[in-house]
Amino acid sequence: MIEILLALTPADYDHLARAVQVEAVPNTMDEYCVAASILNRVASPYYPSTVENVIYAPGQYEGLHYKNPTPKRSVVLRLKDKKKMTEAYN
């Protein structure tokens with residue numbers, strides 16, 4: 001997991017934040033769990049290998065298709081908390 005977190009680009013964090021904003025309860029561990037599930041898919045050979053392609057894949061994270069949120073800086077900053085991200089992943 002830590003390897004994936006270290007490899008994330010600013011664009012990846014923006015895409016994660018968009019998905020988290022439409023799928024998770026704000027300001028809860030749910031945000032980290034949604035992000036961890038996306039990163040788990042990125043690491044899987046059964047899903048696309050980028051955050052963007054995972055979240056915009058047909059039938060996935062449907063809220064993005066009709067809400068198309070702008071990533072909130074506060075959400076991006078929370079998702080950069082590697083300790084909480086690792087905790088959610090485990």
Side-chain angles (χ1 to χ4, degrees):
M1 173 64 162
I2 196 70
E3 296 84 15
I4 294 173
L5 290 173
L6 293 174
L8 293 175
T9 67
D12 290 329
Y13 277 107
D14 284 351
H15 290 302
L16 279 174
R18 284 183 181 100
V20 164
Q21 287 168 213
V22 298
E23 297 287 334
V25 176
N27 299 303
T28 68
M29 197 63 187
D30 193 35
E31 290 180 324
Y32 301 100
C33 292
V34 169
S37 73
I38 292 166
L39 297 179
N40 193 41
R41 291 178 183 195
V42 169
S44 170
Y46 302 107
Y47 291 93
S49 60
T50 68
V51 173
E52 180 180 19
N53 289 339
V54 165
I55 67 170
Y56 289 110
Q60 305 298 312
Y61 308 98
E62 290 293 319
L64 290 170
H65 300 288
Y66 61 88
K67 289 186 179 177
N68 196 22
T70 300
K72 293 180 181 175
R73 178 99 176 113
S74 60
V75 176
V76 170
L77 289 174
R78 282 197 297 277
L79 295 176
K80 289 183 176 184
D81 184 332
K82 289 177 181 38
K83 181 180 177 188
K84 287 196 176 181
M85 286 295 299
T86 302
E87 183 181 325
Y89 195 77
N90 293 325

Locate the shortest heavy-atom distance separating [X] from [Y]; write the atom from each residue and the value.
X: A24; Y: D30; value: CA-OD2, 3.1 Å
X: P71; Y: A17; value: CB-CB, 3.9 Å
X: H65; Y: Y61; value: CD2-O, 3.9 Å
X: D12; Y: A7; value: OD2-O, 4.2 Å

Short side-chain donor-acceptor distance under 3.5 Å, N68 and R18: no

Y13 and K80: CA distance, side-chain angles, deciding distance, side-chain contact (heavy atoms from CB on, under 4.5 Å) verdict: CA-CA 8 Å; Y13 277 107; K80 289 183 176 184; 3.5 Å; yes

In one Ile/Leu/Val/Met/Phe/Trp/Tyr side-chain cluster, 4.5 Å: Y89, M29: yes

A side-chain contact here means heavy atoms from C-beta on lying under 4.5 Å apart; do [X] and [Y] qualify?
X: K82; Y: L6; answer: yes
X: M85; Y: L79; answer: yes
X: T9; Y: V51; answer: no
X: P69; Y: L64; answer: yes
X: V42; Y: P48; answer: no

Stepwise side chain to side chain donor-acceptor pair (under 3.5 Å) check, N40 with S37: CA-CA 5 Å; N40 193 41; S37 73; over 6 Å; no

State the [atom1]-[atom2] distance between [X] and [Y], to the nearest 0.5 angstrom.
X: L16; Y: E52; atom1: CG; atom2: CD; answer: 11.5 Å
X: K72; Y: D14; atom1: NZ; atom2: CG; answer: 14.0 Å
X: E3; Y: L5; atom1: CD; atom2: CG; answer: 9.0 Å
X: E23; Y: Q60; atom1: CD; atom2: CD; answer: 9.5 Å
X: I38; Y: H15; atom1: CD1; atom2: NE2; answer: 11.0 Å

Residues N27, R78; criterion side-chain contact (heavy atoms from CB on, under 4.5 Å); working and verdict: CA-CA 9 Å; N27 299 303; R78 282 197 297 277; 3.1 Å; yes

Stepwise side-chain contact (heavy atoms from CB on, under 4.5 Å) test for Q21 and E31: CA-CA 8 Å; Q21 287 168 213; E31 290 180 324; over 6 Å; no

Criterion side-chain contact (heavy atoms from CB on, under 4.5 Å) on L39 and L8, from CA distance to verdict: CA-CA 10 Å; L39 297 179; L8 293 175; 3.9 Å; yes

